[in-house]
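To keep things clear, I will list the structure first and then write my remarks on it.
The figures that follow rest on heavy atoms only: side chains count, while hydrogens, waters and symmetry mates do not. Position 1 is the first residue of the sequence; numbering continues from there.
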Amino acid sequence: MTRGRPRLRISTLLVVPALVALTAAAGTAGPATADPLPGPVFVDGQAQIVPEFADPSTWIRERLWVETEFDSDGDGRRDRMHVDVTRPGPTAGGLKVPVVYESSPYYAGTASTQRQYFWNVNTEVGQEPPPRTSPPPIAHRPDRTAVSTSEVSTWVPRGFAVVHSDSPGTGLSEGCPTVGGANESLAPKAVVDWLNGRAKGYTSVEGGERVSATDWSTGKVGMTGTSYNGTLPLAAATTGVRGLEAIIPIAPNTSYYHYYRSNGLVRNPGGWPGEDIDYLFDYISSGYPDRREYCAQHVRVDVMNRFQDRTTGDYNDFWEGRDLLNAVRGVRAATLMAHAFNDWNVVPEHSVRIIDALKKQGTPVQSYFHQGGHGGAPPLDMRNRWFTRYLYGVRNGVEQDARAWIVRNESGQNQLTPYADYPNPAASPVTLTLQSGGNTTGGLTSLARADSGTEQLVDAGNLACGAGTLATQVSEHRLLYVTPELSAPVHISGTAQVRIRLAASKPAANLSLALVRLPWTSGADCESSTRGSTTSIITRGWADPQNTRSLRHSEPLKPGKFVELTVPLQPDDQVIPAGSRIGLMVFSTDHEFTLHPAPGTVLTVDLARTSVELPVVGGPLAMPVCAEPDTRPTVVVGGVDSGVPNRALTGTCTVNDHILDTEEWPNHGQFVRHVTEVADRLVTADVISARDRSALVRAAARSEVGK
């Protein structure tokens, strides 16, 4: 993997020894000394493999149970978490090391993923679904002698201890699984507290001898993990627990509402049709058999089934309590967040929303994004620098590194590229309007006013195919609006959104939107997935038109009555190459993500009140969508020659192409404001001078456009 430019390096070799305390024997002439213990070694700001730490036969392994501050399984005792420790051998002689910690509900096994145990997605939108059947119980494994070995071979040889724990109600940890409940934050907090001498550890799940970590742990902890395992570091950090210095969440689920719903619409993670939070409870419930019935009744039935609301998809207090954004103020741990822009399981908004909040409150945060699917850790050297800085305190300059690292692959090679931030600070919104013809291929451009009139699609419902089929075939089941061929690359960075005005023929309907890259290069058969790194889906989004006024309260649609809503699509950063076209596809049932109602619902879209706001690096002047470039030597505004040179812009476009003097304007004043806005952009971009700006505005005022 290549890099756009090198990061700051610390070139000196730094060795930090740990010395055994001197002892004196009574009656001897002087103090006896012991050979110094081996210590961690740092090169270029990274912890190195130390031979004395690297031999697994010398590693010290322990198993224990840490007592928490909660009783979630109703047995009248504080729950204890099952924990294992692997640490370098020299910690037995007085060496103290920091800890890399991973927690998970998956370590002890999971339930069946057969679709018969999911919710039936062949259900009408807005109607109560039929009951779901739980999968067979997970076999309990009381003979487990360890929790996990992940991360051990990476960090122990470099001078860290590695700790794992089973989440509440899983494996040999007590309690109930709550899938985002408070005990999932407090359980890893208890482990961090134990590593700092503030919580009790025992050799047994009941009773047992006390176990302490303070003779080998420095108390500084870094957490990491992927997916659910990446959620828990952030959950622990929201408690503000002292000692949790750094976290590296990878593809974390930061809101169960955003995982199972979108803007009021019932939606499943990509590839898991019918999954919901109560199924996830069943999927991880591997804890002690004598408490499972209690947990199932009090968590899954009394809470989840009561409040998850697959009928309306509305937001409520249940979902609010499972959204880590609401607790992010407690996060003090330095955060390196990793996510993929083509992750359609845990969609990228999960990380972006937390990154934005951490930046606002001043918590140290950096981001790593790539173009693949679910998962994908940052490169080891990036993670190493992060943990070395915040767990060992080595001043390696990581604070001066780029705030965002993005893997670019439009050239066919993965290139890790640094940016001042994400979204790219040079990006600004570009409004793309719709031109009629969406039943075949309508237009999409930033260089024309929107067409008037309406166009319709018919929901394919439970007969729907994947997005690839809709994007590559003329169909009544979608509307497709496409730009001219791009004459230069377009760099998208940020969150696109679609403003849409529509009416439905029924009181409830799915609304699905996708930005696509054409020509389509991914699979296009009915069952093809678009969740890979080579997908032709740029980004996508979903919404319930019943939630135009409130996410908490649905209002049934009045057939034929128009409603307006703004739908944010998933965050993205990619370069669309020259020769491609960008398309907006409007459809109803999304075969991969939404409920599958009976076909036939008609959606009517108002072209004039529907648009795409696309975050483009360089803004409106960087959109190379001039199908027939205007190459006149000077800028002519409505027949008035301004005398300003008609300079070239991005691709084949010129200044003249951005002056929309051939469009229908409701009045002259609006046209003059339009020219003024274009002229201001040109000045800001150093394309024209202030004098040229005045000339353009004067020409617009003298023209007859809009009169």
Side-chain angles (χ1 to χ4, degrees), residues 59-89 91-94 96-97 99-109 138-150 152 156 161-178 182-219 221 223 232 236 239 241-244 284-295:
W59 293 347
I60 299 170
R61 296 177 172 88
E62 300 174 271
R63 184 168 69 127
L64 66 144
W65 281 261
V66 169
E67 187 172 273
T68 69
E69 58 193 80
F70 56 83
D71 171 20
S72 61
D73 59 10
D75 65 356
R77 297 184 298 108
R78 290 182 176 182
D79 298 337
R80 292 184 180 182
M81 298 299 107
H82 184 218
V83 176
D84 72 19
V85 177
T86 305
R87 51 190 171 96
T91 58
K96 290 191 174 186
V97 296
V99 171
V100 174
Y101 170 30
E102 182 176 11
S103 185
S104 177
Y106 296 148
Y107 291 142
I138 303 167
H140 190 59
R141 296 166 54 194
D143 57 342
R144 291 171 67 222
T145 58
V147 179
S148 175
T149 59
S150 72
V152 170
V156 175
V162 174
V163 169
H164 299 94
S165 68
D166 289 324
S167 288
T170 73
L172 299 182
S173 284
E174 295 182 304
C176 291
T178 58
N183 66 345
E184 283 195 351
S185 300
L186 296 173
K189 174 186 180 295
V191 175
V192 175
D193 281 334
W194 173 71
L195 290 165
N196 282 273
R198 298 188 298 265
K200 298 175 182 178
Y202 297 91
T203 57
S204 173
V205 68
E206 294 184 14
E209 298 178 2
R210 290 281 297 273
V211 181
S212 173
T214 55
D215 57 345
W216 58 263
S217 167
T218 65
V221 182
M223 290 188 70
L232 298 176
T239 68
V241 59
R242 288 179 292 119
L244 182 56
I284 65 173
S285 185
S286 59
Y288 291 97
D290 64 338
R291 305 313 299 159
R292 290 192 194 182
E293 183 177 349
Y294 173 93
C295 293

Side chains of [X] and [Y] in contact at under 4.5 Å (non-hydrogen atoms):
X	Y	answer
P168	M81	yes
W216	L195	yes
V99	S217	yes
R210	K200	yes
V163	V83	yes
F70	E174	no
S165	Y101	yes

Without hydrogens or angle criteria, can the side chains of [X] and [Y] be said to hold a donor-acceptor pair below 3.5 Å?
X	Y	answer
Y288	S173	no
S72	D79	yes
T170	S286	no

Using a 3.5 Å distance criterion without hydrogens, assess whether the side chain of [X] forms a donor-acceptor pair with backbone atoms of [Y].
X	Y	value
K189	T68	no
N183	C176	yes
W194	W65	no
H164	S150	yes
N196	R198	no
T239	L186	no
R292	G287	yes
R144	V147	yes
D73	Y294	no

What is the minimum heavy-atom distance between [X] and [Y], and which atoms define it?
X	Y	value
A108	G171	CB-CA, 3.3 Å
P177	I284	CB-CD1, 3.8 Å
R87	A161	CB-CB, 3.8 Å
D71	G74	OD1-N, 3.2 Å
G109	I138	O-CD1, 3.9 Å
S104	Y106	OG-N, 2.9 Å

Practice item. Please lay out, stage by stage, how S167 and L232 fare under the test side chain to side chain contact (heavy atoms under 4.5 Å, CB included). Key: CA-CA 9 Å; S167 288; L232 298 176; 3.3 Å; yes
Exercise for review: Please lay out, stage by stage, how E67 and R77 fare under the test side chain to side chain contact (heavy atoms under 4.5 Å, CB included).
Suggested key: CA-CA 10 Å; E67 187 172 273; R77 297 184 298 108; over 6 Å; no
Practice item. Compute both the distance and the angle, then confirm whether R80 meets the cation-pi test with Y202: under 6.0 Å from the six-membered ring centre, within 45 degrees of the axis. Key: yes
When rounded to the nearest 0.5 angstrom, what distance separates [atom1] in [X] from [atom2] in [Y]?
X	Y	atom1	atom2	answer
L172	R63	CG	CZ	6.5 Å
D166	D84	CG	CG	8.5 Å
D215	K96	CG	NZ	7.5 Å

Practice item. Dump the intermediate steps for side chain to side chain contact (heavy atoms under 4.5 Å, CB included) on T203 and L64, then the final yes or no. Key: CA-CA 5 Å; T203 57; L64 66 144; 6.0 Å; no
**Study point:** Neighbour count >12 (heavy atoms, 6.0 Å) for atom CZ, R61
**Key:** yes
